[in-house]
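Taking it in order: structure first as structure tokens, then the write-up.
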Amino acid sequence: MKPILNIAAYLFVSLDNLAELRVKILDECNARQLKGTILLTGEGINLFLAGREPELRGFLDWLRIDPRFKLLKAKDSWSETQPFKKMLVKIKNEIIRMNHPAIRPEEGRANFITPKKLQEWLDRGTDDLGRPVVMVDTRNAFEVDYGTFENALHFNINKFTEFPEAITAHKAELADKTLVSFCTGGIRCEKSGLYMREIGMEHSYQLEGGILKYFEEVGSAHYSGSCFVFDEREALEPNLDTIPIERSIRKKLTA
């Protein structure tokens, strides 16, 4: 087992007293020698953290003592070294900016599909009712360059705020398809899934847990390449190992 545990987690839940909460969380992380980034907003929390397993598991247990964070679930991966240089806790307006304040995942999630069920659909090419399945990549263009699901639809966007306009432009041609939106860990799809339903794309789902959960439960089936992650590891293979340096896109771009 590699020595450093990495976790990605988020939860949409109403939060207040963010400045006070920030100080408490930062002190707890520093005391446990954790590093990474935590975003606090009025709509919830988003975490990317790494450290020794006992300390990191202990922090999550401490956080869940607060009833607001009781339902927080984390996705695990492992690394040989600490992938973050600092411990940051930031206060933001949104966990993931979309500029559609009426989209509130805390009030009800979009329909979701588990990784295992998605694999069944992709194996067959249709959902359980025989509709063609289209994977919809909600990530930015540079992330898609690292890897994505085979034949996935993406829009070459530079930021998530561009997604609503991009998907709306394709609404008519996708009307008879079953759509599964996906992203790295699921957080963008909490909003994209609701938006797609809002504009009348009724046969739409979000991939539960995103690409990282799919890698954990399924592996590489129907996926080509790696998955960009927002830390020094750069990207993860479907076995959740760091990509080899010779395959680094970042290395090629800076060479």
Side-chain angles (χ1 to χ4, degrees), residues 8 75 77 96 110-160 162-164 166-193 195-197 201-230 233-253:
K75 291 175 284 295
S77 60
I96 181 68
N111 290 346
F112 65 87
I113 183 171
T114 65
K116 290 287 190 181
K117 188 64 177 179
L118 176 60
Q119 183 186 13
E120 288 181 25
W121 284 6
L122 295 178
D123 285 345
R124 201 167 52 229
T126 64
D127 68 8
D128 292 338
L129 298 177
R131 289 192 199 91
V133 175
V134 175
M135 300 297 295
V136 179
D137 199 328
T138 68
R139 299 172 302 156
N140 297 336
F142 81 91
E143 298 172 80
V144 177
D145 287 343
Y146 282 81
T148 189
F149 282 93
E150 296 165 359
N151 302 313
L153 177 66
H154 68 87
F155 307 109
N156 204 34
I157 60 176
N158 295 310
K159 51 189 176 181
F160 186 56
E162 298 172 6
F163 177 82
I167 190 67
T168 301
H170 291 265
K171 178 181 173 182
E173 69 192 67
L174 297 172
D176 61 344
K177 309 291 195 302
T178 288
L179 310 176
V180 180
S181 64
F182 66 94
C183 57
T184 306
I187 191 167
R188 279 172 274 197
C189 293
E190 296 284 357
K191 291 190 173 183
S192 67
Y195 181 81
M196 289 160 69
R197 289 272 170 169
M201 293 177 150
E202 56 185 86
H203 305 303
S204 60
Y205 299 80
Q206 66 185 75
L207 173 58
E208 178 79 352
I211 297 168
L212 296 182
K213 192 66 175 176
Y214 187 89
F215 282 178
E216 181 183 335
E217 295 190 4
V218 175
S220 63
H222 305 287
Y223 192 95
S224 178
S226 59
C227 178
F228 178 84
V229 290
F230 294 87
R233 293 174 296 171
E234 184 178 348
L236 299 181
E237 299 276 28
N239 62 3
L240 295 175
D241 278 345
T242 306
I243 59 168
I245 190 66
E246 63 269 16
R247 288 184 48 210
S248 167
I249 293 177
R250 186 179 298 165
K251 176 175 178 284
K252 293 175 184 176
L253 291 175

- Message: Between Tyr146 (side chain only) and Leu236 (backbone N and O only), is there a donor and an acceptor less than 3.5 Å apart?
- Response: no
Rounding to 0.5 Å, atoms CD1 (Ile113) and OG (Ser181) come to a distance of 11.0 Å
The reported gap from CG in Asn111 to CZ in Arg197 (rounded to nearest 0.5 angstrom) is 4.0 Å
Interatomic distance, CH2@Trp121 vs CE@Met135, rounded to 0.5 Å, equals 10.0 Å
So the salt bridge (charged side-chain N to carboxylate O under 4.0 Å, His left out) pairs with at least one residue in residues 121-131 (sequence neighbours excluded) are Lys117-Asp128, Arg124-Asp128, Asp127-Arg131
Contacts satisfying ring pair (Phe, Tyr, Trp, His ring centres under 6.0 Å) that involve residues 170-189 (not counting sequence neighbours) are Phe149-Phe182, Phe155-His170
d(Glu237 CD, Phe215 CZ) to nearest 0.5 Å is 8.0 Å
Applied to residues 205-228, the salt bridge (charged side-chain N to carboxylate O under 4.0 Å, His left out) test, sequence neighbours excluded, yields Arg109-Glu208, Lys213-Glu216, Lys213-Glu217
Rounding to 0.5 Å, atoms OG1 (Thr178) and CD (Glu202) come to a distance of 10.0 Å
Applying side chain to side chain donor-acceptor pair (under 3.5 Å) to Thr242 and not counting sequence neighbours gives none
Margin query: Which label fits Phe228 and Phe230: parallel for a plane angle under 30°, tilted from 30 to 60°, or perpendicular past 60°?
Written below: perpendicular
CD1 of Ile96 to CZ of Phe163, rounded to nearest 0.5 Å, is 12.0 Å
Residue set satisfying side chain to side chain donor-acceptor pair (under 3.5 Å) with Thr114, at least two apart, ordered chain then number -> none
Taken in chain and number order and not counting sequence neighbours, the residues that satisfy side chain to side chain donor-acceptor pair (under 3.5 Å) with Asp137 are Arg139, Thr148
* Asked: Can you tell if the side chain of Asn140 reaches within under 4.5 Å of the side chain of Asn158, non-hydrogen atoms only?
  -> no
- Query: Considering residues, nucleotides and ligands other than His222, do more than 12 of their heavy atoms fall under 6.0 Å from its NE2?
  - Reply: yes
